[in-house]
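Reading through the structure tokens given below for one structure.
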2 protein chains.
Amino acid sequence: MSRTAKPPEQRSTAPSRDIIGRGPSLADTLALRLKDEIVSGRLRPGEKLATEQQISETYGVSRPTVREAIGRLKHDGLVITRQGAGAFVADPGAVSVFRLDIADFSNREEIRNIVELLMAVEATATEHAAVRRTKGELKAIEAQLRAMQAAVDRGETGVDEDVAFHRSIVEATGNPFFRDLSDFLDRRVRNFIRTARSNTARIGGMAQAVQAEHQAIFDAIVRKDAAAARAAAENHLRNAASRLALYLER
Amino acid sequence: MSRTAKPPEQRSTAPSRDIIGRGPSLADTLALRLKDEIVSGRLRPGEKLATEQQISETYGVSRPTVREAIGRLKHDGLVITRQGAGAFVADPGAVSVFRLDIADFSNREEIRNIVELLMAVEATATEHAAVRRTKGELKAIEAQLRAMQAAVDRGETGVDEDVAFHRSIVEATGNPFFRDLSDFLDRRVRNFIRTARSNTARIGGMAQAVQAEHQAIFDAIVRKDAAAARAAAENHLRNAASRLALYLER
DNA sequence: ATAACCAAGTTGCCTGACAAGTAGGAAATT
DNA sequence: AATTTCCTACTTGTCAGGCAACTTGGTTAT
């Protein structure tokens, strides 16, 4: 049988010989320029952008390319267009889209900042989950905890089960914003670890330590003890950050 | 007049655009469709998307429109394109862009969720700011506190000064993610209040209460007392949420 | 068997055109 | 003279077709 999908040789954050992806497209750079015009304040809210024709001439690109660039700003809520009238800078207070862009994940400080945000979100999420979880959600959390234990017992790293455990908790907050943001940050950080160092480095007591911390979180959730849940989550995240630092050291 | 109409029969190649429906724009709706294919898991990471030509025929839109839609997915990090090869679904772990989309801000529950996230982010930010603030940043925070007091004394609502006060705090965390996210949520919520009800409703003791809570936060930051700073911020945010609920009640 | 090469396929970008909608001024009416 | 109606230029939304740059897999030459 023939394979239709080829491995996309995806460039992750690991700095290969090539810079990230290709060189940015024309629309990419143009979008950045226009965005700069807005955030810098040279174009004020409500003000009308130049017409596509004018921008096209100014920057020496075709109209479709200009449209692509403006389309992104529109997608990000920075401008609104009205057919026949033009494109206008949106009111900052009415912008309903927030973009969290981790541009440079090899930057040490950026990692620190991301982890810090992750800790804040997940600690609070765990606190809320402890109070709000339904019986069904509690069962789901327990199942993930058991699955993690089973993986550890088999001598595996249990990274996937670890992710699933945390995900089942943030799910129990009932707040999709917590869930999605936590999910994103978690995946991002873990993916970094995965590429930075082999997961096998985790075996050797670490998995057991992680599991013990998980158990503490779970116990607090069972008791619906918000304060204890937060404390346990903070402790776990602090330790996780230390383990991450271990990976980074060498 | 060169604008004479032509027989509409030439559209025959397009197989009824009803497939997509008439949303905001063809590219908009198409982008949503394709995004759904990815997040739902029908298209797995690494898998190749249909060619622009095929998508164009499937959905009955032109290739430029398809390009615009794919361009957005690319912008959001969901797909990666390689000239000559095709477009591929990105590895979720490698996605470096997070979109927080407040679709329906009139939904009561969505407001609650957003405020909850705001509280989590800003309470932690205040805690960090208390420990890390430089002398210069402390001066800036104090200046905003004074400006707010002056506004209140003049009988104004001091909403703008209020925003500036919080902004100077999250700035002192030294973490741009906290700053930007807090800034966005704050603006969004306040803008909602602004439109939901006249700001003058705030006058009448409320401003003084707000100011007292601000003072408590500031005092804790002066002492570099992280726990007290968090407690004061949580108290302030809880009260602010109550005041917001007051607006919403009627 | 291995390496060089070629042709089909795909994305990136362009030009040109028309449809749909907007806004301001000219023309008609009161 | 003031008001309403209508027309026209302008702008965005969409389409069609085409060429260049690049990838891929099979074919040919060594």
Side-chain angles (χ1 to χ4, degrees), chain A residues 1-11 18 21-31 34 46-75 79-90, chain B residues 1-31 34 46-75 79-90:
Chain A
M1 59 181 87
S2 62
R3 296 189 153 238
T4 49
K6 323 131 185 101
E9 61 101 6
Q10 184 161 313
R11 257 175 277 285
D18 223 67
R22 307 254 102 53
S25 67
L26 288 180
D28 271 325
T29 43
L30 179 55
L34 294 177
E47 211 168 338
K48 185 176 171 302
L49 271 69
T51 68
E52 295 177 353
Q53 186 67 36
Q54 289 170 332
I55 297 177
S56 164
E57 289 164 4
T58 302
Y59 291 94
V61 295
S62 70
R63 218 192 112 201
T65 302
V66 174
R67 282 189 59 73
E68 198 177 331
I70 290 182
R72 287 188 198 170
L73 301 186
K74 193 167 48 168
H75 184 52
V79 309
I80 52 179
T81 59
R82 275 166 44 220
Q83 184 171 350
F88 304 85
V89 179
Chain B
M1 252 169 263
S2 60
R3 207 152 270 229
T4 45
K6 285 194 169 183
E9 171 268 325
Q10 72 184 61
R11 270 281 162 72
S12 58
T13 47
S16 105
R17 60 180 65 181
D18 291 1
I19 299 176
I20 294 184
R22 43 184 61 187
S25 92
L26 289 180
D28 268 326
T29 37
L30 178 56
L34 295 177
E47 213 168 338
K48 185 176 171 303
L49 270 70
T51 68
E52 295 177 353
Q53 185 67 37
Q54 289 170 332
I55 297 177
S56 164
E57 289 163 4
T58 302
Y59 291 95
V61 296
S62 71
R63 219 192 111 203
T65 302
V66 175
R67 282 188 60 73
E68 198 177 330
I70 291 183
R72 285 187 200 170
L73 301 185
K74 194 166 47 168
H75 183 53
V79 308
I80 297 176
T81 60
R82 277 167 42 224
Q83 184 173 350
F88 303 85
V89 179

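Sequence lines set the chain letters: A, B, ... in the order given, protein chains first and strands last, and positions in each chain run from 1.
Put simply, CG on B:D28 is 16 Å from P on D:dT12, counting in whole angstrom units. Here the C1' atom of nucleotide D:dT11 and the CG atom of A:L49 are 13 Å apart, to the nearest Å. Between the CG atom of A:L30 and the C1' atom of C:dC14 there is a distance of 15 Å, given to the nearest Å. Nucleotide D:dT11 holds its C1' atom 14 Å from the CD atom of A:E57, rounded to whole Å. The CD atom of B:Q53 sits 15 Å away from the P atom of C:dG12 (whole-angstrom rounding). In this structure, the CD1 atom of B:I80 is 15 Å from the P atom of D:dT23, given to the nearest Å.
No option in A:E47, A:K74, A:K48 other than A:K74 meets the side chain to side chain contact (heavy atoms under 4.5 Å, CB included) test with A:V79. Only one option out of A:E52, A:Q53, A:E57, A:E68 pairs with A:R63 in a side chain to side chain donor-acceptor pair (under 3.5 Å); it is A:E52.
B:I55 contributes atom CD1, which lies 5.0 Å from atom CG of B:L34 (distance to the nearest 0.5 angstrom). To the nearest 0.5 Å, atoms OG1 (B:T81) and CD1 (B:I70) are separated by 8.0 Å. Rounded to the nearest 0.5 angstrom, A:T29 OG1 and A:Y59 OH are separated by 10.0 Å.
Of the possible polar contacts, one joining the B:S56 side chain to the B:V61 backbone as a donor-acceptor pair under 3.5 Å is found.
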Using a cutoff of under 3.5 Å, can you pull out all pairs of nitrogen or oxygen atoms linking the protein to nucleotides 18-20 of chain D, with atom names and distances?
residue : atom : partner : partner atom : Å
D:dG18  : O6   : B:R63   : NH1          : 3.3

Can you tabulate the close N/O pairs, meaning under 3.5 Å, that link protein atoms to atoms of nucleotides 23-25 of chain C?
residue : atom : partner : partner atom : Å
C:dA23  : OP1  : A:R82   : NH2          : 2.4

| request: Apply side chain to side chain contact (heavy atoms under 4.5 Å, CB included) to the pair A:D28 and A:R72, showing each step before the final yes or no. | output: CA-CA 9 Å; A:D28 271 325; A:R72 287 188 198 170; 2.3 Å; yes

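Nucleotides of DNA chain C nearest to A:S56 and B:A50 differ in position, and the one nearer the 5' end is that of B:A50. If B:P64 and A:Q54 are placed on DNA chain D by their nearest nucleotide, the residue sitting closer to the 5' end is A:Q54.
Remark: B:T81 is not in phosphate contact with C:dT10, judged by side-chain N or O atoms under 4.0 Å from OP1 or OP2. Listed pair A:T65 / C:dC14 meets the phosphate criterion, a side-chain N or O lying under 4.0 Å from OP1 or OP2.
Contact check of residues 67-75 of chain B against DNA chain C (heavy atom, cut-off under 4.0 Å) returns B:R67, B:K74.
Among the nucleotides C:dT15, D:dC15, C:dT11, the one closest to any side-chain atom of B:E52 is C:dT11.
The nearest pair of heavy atoms linking A:A31 to A:A69 is N-CB, 3.7 Å.
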